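All values reported here derive from a predicted model rather than from experimental measurement. Values below: all heavy atoms of this structure, side chains included; hydrogens, waters and symmetry mates excluded. Residue numbers start from 1 in every chain, and the chains themselves are labelled A, B, ... in the order their sequence lines are given, proteins ahead of strands.
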Amino acid sequence: MYGLIDCNNFFVSCERAMNPSLNGRAVVVLSGNDGCVISRSNEAKALGIPMGCPAFQICNYTNPSNVVKLSARHALYGDLSRRVMSIIGTVMENLEIYSIDETFFTMPYNDVEKNHALLAELVKKIYKWTGIPVSSGFAPTHTLAKIASHIAKKDKRIIDGVYWLIRPDAIDTILRRTPIDDVWGIGRKLSQSLCGMGVYSAAQFAALPSQFVKNRFSVTTERVMRELKGEDCINVNPITIAHKSIMNSRTFGNIITDRVAVCDAVMSFADMCAKRLRDERSVASSVSVYLRGDPHRNDIPYYSNVCQLYMLTPSSSTMVIAKYALIAFNNIFREGMSYRKAGVMVSDIMPDENIQLDLFDKIEHGRQKKLMEAVDTINNKYGRKCVQMVPQTLGGDWHPQTRHTAKPSQNLRIYSDQIQSLSVIQLFQQ
DNA sequence: TCTGGGGTCCTAGGACCC
DNA sequence: TCTGGGGTCCTAGGACCC
């Protein structure tokens, strides 16, 4: 049996945990540049504000003064997520952390009542220790556990935050009441096609012939169907499995036309990708850079392009990855065009002990590794951007703009500026 | 005025092989 | 008249998730 714990309205709940005066009010958390709504309190949902709603359209649903708007603070959410997951890890085994706010795990007992009691206790503990409300469910498959925890969240009669789906007759009843587009793995396009065929509920979907679903849609869709019928066939990657690609991208605060300013952003993203590779003890073989204009502006020409390069030797060094990112950037940057978004992706990722090196690579690779270890040590101690390996200006033009959150401490900024004056060579010698 | 930032998997089709 | 039957690898694009 698989269990699932899912944090309710996670980003809003994090903000409330830090600031209880937000309780009882309609609260939304906004994406970068305060663009879209990415988390809503129940009160905000009740006003009809949809997920992904552009912030400037909130007035279509209610008087904007009724809603507290907050700029996202991802560092805070990541921290609270780790705390919630570690509490779950003290009670449950085989955690499969699926996203920042939810994790699967295996239930320890065969006895349903014992599992229920254990989970209810855990839900209480998480709220008491972190302030984050969660819902949970358990069932024979991941997909059914998702449905169960969804019911725990929505059904007001459930007061301990736990719902389970085990008995076949109960599963059947619930599937009949579950709209097809509420099923995990059935998105907008698929549910449209299915509704066109007269399939409106999860139960109707589960009753379709397996081969037909496989031929008409795909093996993934057929797996979803088998999961609904109680067959365990979807693997969720445990967190220990390294990423296959790592991406960093941002929509800029404004349209940018200046080559140096866009390049500055690309260098920052390359640096962040490399740092994450090192954190995962991985290296990448390929670097892609993409640039994009503003698709919402009809008054200026739109330009979008991407360039992927393969490195001679896989690497996680900021200097190496930035070097390739710069070549890719120069390949696709066009003077006179307007840019609103850029990104860097590293892919073909493998563990760093797996790389094949020739004699000369070996020397260079060793030097790079030592250098990056020194930089990471300093940055972990004194702050993320104390030492920078690529040209980046703090607070460059490209940074997303936020209006609804406190700025980071000024003291730290001044200190970082001083530290930056140390040259890379000095550091390496140290 | 104003629309995010990540990820994964699968399929179709082309190039190439024997 | 009549034109095989497998493979593999790669890429682009689409679908899904949070």
*Give the minimum heavy-atom separation between A:Lys229 and A:Leu208, together with the two atoms involved.*
NZ-O, 4.4 Å

*Give a yes or no on whether a salt bridge exists between A:Asp34 and A:Lys69, defined as a side-chain N under 4.0 angstrom from a carboxylate O.*
no

_Between B:dC10 (P) and A:Lys214 (NZ): distance, integer Å_ = 11 Å

*Value in whole Å for how far the C1' atom of B:dG6 lies from NZ of A:Lys244*: 16 Å

*With a 4.5 Å heavy-atom cut-off, do A:Val224 and A:Phe205 have their side chains touching?*
yes

*Return the nearest nucleotide to the side chain of A:Ser249; candidates are B:dG7, B:dG4, B:dG5.*
B:dG5

*Classify the nucleic acid contact of A:Asn33 as base, sugar-phosphate or nothing, counting any heavy atom under 4.0 Å across all strands shown.*
nothing

*What residues form a side-chain hydrogen bond (donor to acceptor under 3.5 Å, both in side chains) with A:Arg297, not counting sequence neighbours?*
A:Asp299

*asked:* Heavy-atom nearest nucleotide on DNA chain B for A:Ser245 versus A:Thr251: which residue maps closer to 5'?
replied: A:Thr251

*Are A:Arg297 and B:dT1 close enough that a side-chain N or O sits under 4.0 Å from OP1 or OP2?*
no

*asked:* Ignoring hydrogens and geometry beyond distance, is a side-chain donor-acceptor pair present between A:Asn9 and A:Ser41 at under 3.5 Å?
replied: no

*Taking OH from A:Tyr77 and P from B:dG6, how many angstroms apart are they, rounded to a whole number?*
16 Å

*Rounded to the nearest angstrom, tell me the gap between atom CZ in A:Phe252 and atom P in B:dC2.*
16 Å

_Can a side-chain donor-acceptor contact be found between A:Asn33 and A:Thr251 if the only test is distance below 3.5 angstrom?_
no

*Working to the nearest 0.5 Å, report the span between OH of A:Tyr163 and NE2 of A:His116.*
11.0 Å

*May I ask you to list the residues of residues 338-352 of chain A, by number, that have any heavy atom positioned under 4.0 Å from an atom of DNA chain B?*
A:Arg340, A:Lys341

*Heavy atoms under 4.0 Å is the rule here; annotate nucleotides 13-18 of chain C 5' to 3' with B where the base is hit, S where only the sugar-phosphate is, and - elsewhere.*
--SSSS

*Can you find a side-chain donor-acceptor pair between A:Glu222 and A:Ser210 that sits under 3.5 Å?*
yes

_What is the separation between atom CZ on A:Phe269 and atom P on B:dG4, rounded to the nearest whole Å?_
14 Å

*Which whole-number value in Å describes the distance from A:Ile234 CD1 to B:dT8 C1'?*
12 Å

*A:Ile38 has an atom CD1; how far is it from atom P of B:dG6, in whole Å?*
12 Å

_Could you write out DNA chain B as dot-bracket? Rules: Watson-Crick or G-U wobble, both distances under 3.5 Å, brackets [ ] for crossings, | for pairs with another strand, dot for unpaired._
....||||||||||||||

_Assuming nearest nucleotide by heavy-atom distance, tell me which of A:Ala55 and A:Phe217 is located more 5' along DNA chain B._
A:Ala55

*Could you check which of B:dG6, B:dG4, B:dT11 has an atom nearest any side-chain atom of A:Cys36?*
B:dG4

*asked:* Using the side chain to side chain contact (heavy atoms under 4.5 Å, CB included) criterion, which residues pair with A:Gln204? Sequence neighbours excluded.
replied: A:Val199, A:Tyr200, A:Ser201

*Tell me, please, which residues at least two apart from A:Asp181 pass salt bridge (Lys or Arg N to Asp or Glu O under 4.0 Å).*
none

_Between B:dC2 and A:His296, is there a base-stacking contact, meaning the centre of the base's six-membered ring lies under 5.5 Å from the residue's ring centre while the planes stay under 30° apart?_
no

*Taking the side chain of A:Ser31 as its heavy atoms from C-beta onward, which of B:dC10, B:dG4, B:dG6 lies nearest to it?*
B:dG4

*Starting from the C-alpha separation in whole Å, work towards a yes-or-no answer on side chain to side chain contact (heavy atoms under 4.5 Å, CB included) for A:Tyr303 and A:Ile332.*
CA-CA 10 Å; A:Tyr303 172 70; A:Ile332 55 175; 4.0 Å; yes

_Students often get this wrong, so: under 4.0 angstrom with heavy atoms, is A:Leu30 touching a base, only sugar-phosphate, or nothing?_
nothing

*Could you check which of B:dG7, B:dC2, B:dG4 has an atom nearest any side-chain atom of A:Phe56?*
B:dC2

*Verify whether one side chain among A:Thr318 and A:Arg278 offers a donor that lies under 3.5 Å from an acceptor in the other.*
yes

*Report the distance from atom CH2 of A:Trp398 to atom C1' of B:dG4, rounded to the nearest whole Å.*
14 Å

